Amino acid sequence: MENVAIARVLAEIGDLLEIRGDNPFKIRAYRNAAQVVRDCGERVAGLAAADLRALPGIGKDIAARVLELAETGGSAFHRELAAAFPAGLLDVLRLQGVGPKTTALLYKELHVGSVAQLTQALDSGAVRGVKGMGPGKEAALRKAIEDHQSFAGRYLASEVWQQAHAVLAHLSAACPDATFDLVGSLRRGAETCGDLDILATDAGPEVMQHFTSFARVERVLGQGPTKSSVRLGKGLQADLRLVPAQSRGAALQYFTGSKAHNIELRDRAVRQGLKLNEYGLFRLEDDTRVAGETEASIYEALGLAWIAPELREQRGEFEAASAGRLPVLIERADLRGDLHCHTTATDGKDTIRAMAQAAQEIGLTYLAITDHSQALAMANGLDERRALAHAAAIRALNDELDGITLLAGIECDIRADGTMDLADDCLAQLDVVVASVHSALSQEPERMTDRVLRALECPWVDILGHPTARMLLRRDASGLDVEAVISQAARLGVALEINGQPHRRDLHDAHARLARDRGVKIVISSDAHGVAGFTHLHWATCTARRAWLTPQDVLTCLPLEALRAALRRHRRDA
DNA sequence: GCCGTTTTCGGCCCGACTGTTTTCAGTCG
């Protein structure tokens, strides 16, 4: 059983306990454990009880449930809880504005067990007969159902980024003296976002009116003097909070999250006789402000170094910050080259020359052209003859370029049986080979793993591209045993890619961190299919930072000659 | 249900907004 599947069951136990009205701290414990499992780089299904219990937030009971899930694929406790309520009740719980109390009330009073039954209860007028349900609630429920049907609920970070900048441009024009910060999951560099969070300082309450009257606002969900929420196009919810300038640091900290990080930080404050909220850090005894104008002042007052937003996921950042062992995280500007992109030779939109110029303009000093191999017929993939001719053209262009060096590479398909799509003597003549899986994605986990392990045996494979082939919000990762692949990559000196396409972000952060810990080098790639695609390096860097990576962990931070020497084909220690 | 440099028992983050309440509960982040 994969981590995401185990995490799903644990989270659902939390939801069901909540409807049942159970101890809120028990509910939190299950949700917290679900997050820990989801973020764990290793497969928790493969861990022994003692190792499970070593994970933060997993104690005796939850460890036993995880073991049971790993062994049997199910949990008796989960089945028992689920049997007590209709399956559709969890959908009711997830409606906007509907919490556990309302869900339980509707179920108890009206036997509402699904969104469809809630619609019926609204239409029949039964809802308004329930105590506490007025016309306002009734209308809110109808809107929530409407939203539930039209919005899936999560958005790619890159989509939210675009909307965010449109909102910021509008607000900045309306309130030129105000300061606006993007906070929430977007600031943490997350892969997907549930909403968009914006913080305003140095602004009057009229900023709320400007916000809710923005042209792209489809619905105002709430408006007050310091907090407003709106629904933008495609259903994305955006929240704006206004705080005084002296609280900007505290509010940045608070609204950036994550929730788990904030709970721990507040807990630390309480243990030191302090109280932390979005307005500042205060002494409990007399409410004296201790810090709040900057984020760093808050962390410092709590005995911690400032923690980069990407690390705020309660994955060991507090221990590192208090011990002075936080990593100096990689930044986009540390990247000296890109080893994965496409041109018009296959499915790219721009020529070799245009790609080279675009890469140079963003500060790169080398670029590997890695078009597709023949198996990707749909993309006009290259056979051996075309691949070598393409390589010759790439190298010839180097004579005309100044300030950037092109490498002749290929993104070679890994066939369903694990053999490479191009002959060894062809691959040997190239400067760099990225091996990737593009087909037969539904293979059984064992077969998929064997396939990739076999591909890595090919001595000319330097990099494994987008290892799990997942597509965020579209399809799950393949059944690949990533830990086994990491071990093989470490043994053979193959680098693993963090692919920056916004819907890939593959490897994801937890696996990239594990790979680094096991001695595997990482490559940060754009997989650009046109000059605009180099912006993907930003998203790959976000993932690398969330994986705690430093420039020393990433091959593409090396200058060209050192990079060449570090590629698997040239490694002396391999 | 988890956890421990005050603790193996007794805690566990905190404030804004909404709708239904005539003083507050529920939800959200």
Side-chain angles (χ1 to χ4, degrees), chain A residues 10 13-14 17-19 21-36 52-66 77 92-106 127-128 130-141 143-144 183-186 188 193-199 205 208 212 220-230 237-243 247 250-251 253-282 284 302-303 314 322:
Chain A
L10 294 176
I13 289 176
L17 288 172
E18 192 167 37
I19 295 175
D22 218 304
N23 176 354
F25 299 105
K26 184 169 163 180
I27 294 159
R28 181 193 293 174
Y30 274 99
R31 289 186 176 151
N32 182 33
Q35 192 62 45
V36 167
L52 276 174
R53 292 198 57 182
L55 294 172
I58 296 191
K60 181 166 71 77
D61 289 22
I62 294 183
R65 307 228 188 279
V66 172
F77 184 53
V92 178
L93 176 66
R94 285 169 195 140
L95 291 174
Q96 168 93 37
V98 178
K101 297 288 198 293
T102 309
T103 304
L105 181 70
L106 291 169
V127 169
R128 78 186 64 134
V130 177
K131 186 162 172 275
M133 292 287 161
K137 270 282 183 197
E138 209 172 357
L141 285 172
K143 280 182 179 169
V183 288
S185 50
L186 200 56
R188 300 201 310 278
C193 302
D195 59 12
L196 165 60
D197 298 301
I198 303 172
L199 175 67
M208 293 298 164
T212 55
V220 179
L221 301 171
Q223 181 174 346
T226 65
K227 175 183 176 178
S228 296
S229 299
V230 301
Q237 181 175 330
D239 298 332
L240 178 67
R241 287 293 298 256
L242 172 64
V243 298
S247 298
Q253 196 292 312
Y254 181 84
F255 294 116
T256 295
S258 67
K259 192 168 199 157
H261 177 93
N262 285 1
I263 287 174
E264 169 67 21
L265 196 64
R266 284 168 175 235
D267 189 45
R268 285 180 178 246
V270 169
R271 292 205 301 262
Q272 296 181 34
L274 300 165
K275 181 181 75 167
L276 179 62
N277 59 29
E278 57 263 58
Y279 301 109
L281 183 65
F282 303 90
L284 273 177
L302 293 170
Q314 180 66 309
S322 61

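Note that the coordinates shown come from a computational prediction; the quantities given were computed from them, not determined experimentally. Heavy-atom basis, side chains included; hydrogens, waters and symmetry copies ignored. Note on naming: letters A, B, ... go to the chains in the order of the sequence lines (proteins, then strands), and numbering restarts at 1 for each one.
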For Ala251(A), all residues meeting side-chain contact (heavy atoms from CB on, under 4.5 Å), sequence neighbours excluded: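 Expected list: Leu199(A), Val243(A), Phe255(A).
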
Under the side-chain contact (heavy atoms from CB on, under 4.5 Å) rule, collect the residues that match up with Leu105(A), sequence neighbours excluded. Glu109(A), Val130(A), Met133(A)

Per nearest nucleotide of DNA chain B, the residue lying toward the 5' end, Tyr254(A) or Asn262(A), is Asn262(A)

For Ala140(A) and for Phe25(A), locate the closest nucleotide of DNA chain B by heavy-atom distance; then report the residue assigned to the nucleotide nearer the 5' terminus.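 In this pair, the answer is Phe25(A).
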
Categorize [X] for me: base, sugar-phosphate, or nothing, with a 4.0 angstrom heavy-atom threshold over every strand shown.
X	result
Arg271(A)	nothing
Lys60(A)	sugar-phosphate
Leu242(A)	nothing
Asn32(A)	nothing
Arg65(A)	sugar-phosphate
Thr102(A)	sugar-phosphate

Taking side chain as C-beta onward, heavy atoms only, is [X] less than 4.5 Å from [Y]?
X	Y	result
Gln237(A)	Ser229(A)	yes
Thr256(A)	Arg188(A)	yes
Ile198(A)	Asp239(A)	no
Arg94(A)	Val92(A)	no

With [atom1] as the reference atom in both, quote the distance from [N] to [M] in angstrom, rounded to an integer.
N	M	atom1	answer
dT21(B)	dC14(B)	P	31 Å
dT20(B)	dC28(B)	P	16 Å
dG11(B)	dA16(B)	P	26 Å
dG1(B)	dT7(B)	P	26 Å
dG29(B)	dT23(B)	P	29 Å
dG4(B)	dC13(B)	P	14 Å
dT5(B)	dC12(B)	P	16 Å

Test item: Ser258(A) side-chain N/O and His261(A) main-chain N/O as donor-acceptor pair under 3.5 Å: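 Yes; judged by distance alone, with no hydrogens or angles, the pair exists.
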
Nucleic acid contacts of residues 52-59 of chain A, taken as heavy-atom distances under 4.0 Å to DNA chain B: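 Within residues 52-59 of chain A, the residues near DNA chain B are Pro56(A), Gly57(A), Ile58(A), Gly59(A).
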
With Thr212(A) via side chain to side chain donor-acceptor pair (under 3.5 Å) - residues at least two apart: Gln223(A)

Side chains of residues 24-31 of chain A: which donor-acceptor partners sit under 3.5 Å, not counting sequence neighbours?
from	atom 1	to	atom 2	distance (Å)
Tyr30(A)	OH	Arg65(A)	NE	2.7
Arg31(A)	NH1	Glu18(A)	OE1	3.4
Arg31(A)	NH2	Asp15(A)	OD1	2.7
Arg31(A)	NH2	Glu18(A)	OE1	2.6

Report yes or no: do Gln253(A) and Asn262(A) form a side-chain donor-acceptor pair below 3.5 Å?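 Judged by distance alone, the side chains do pair up.
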
Opening and closing nucleotides of DNA chain B in contact with chain A, under 4.0 Å to non-hydrogen atoms: dG1(B) to dG29(B)

Any strand: nucleotide that pairs with dC14(B) via Watson-Crick or wobble, under 3.5 Å: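 Here dC14(B) is engaged in a pair, and the nucleotide opposite it is dG29(B).
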
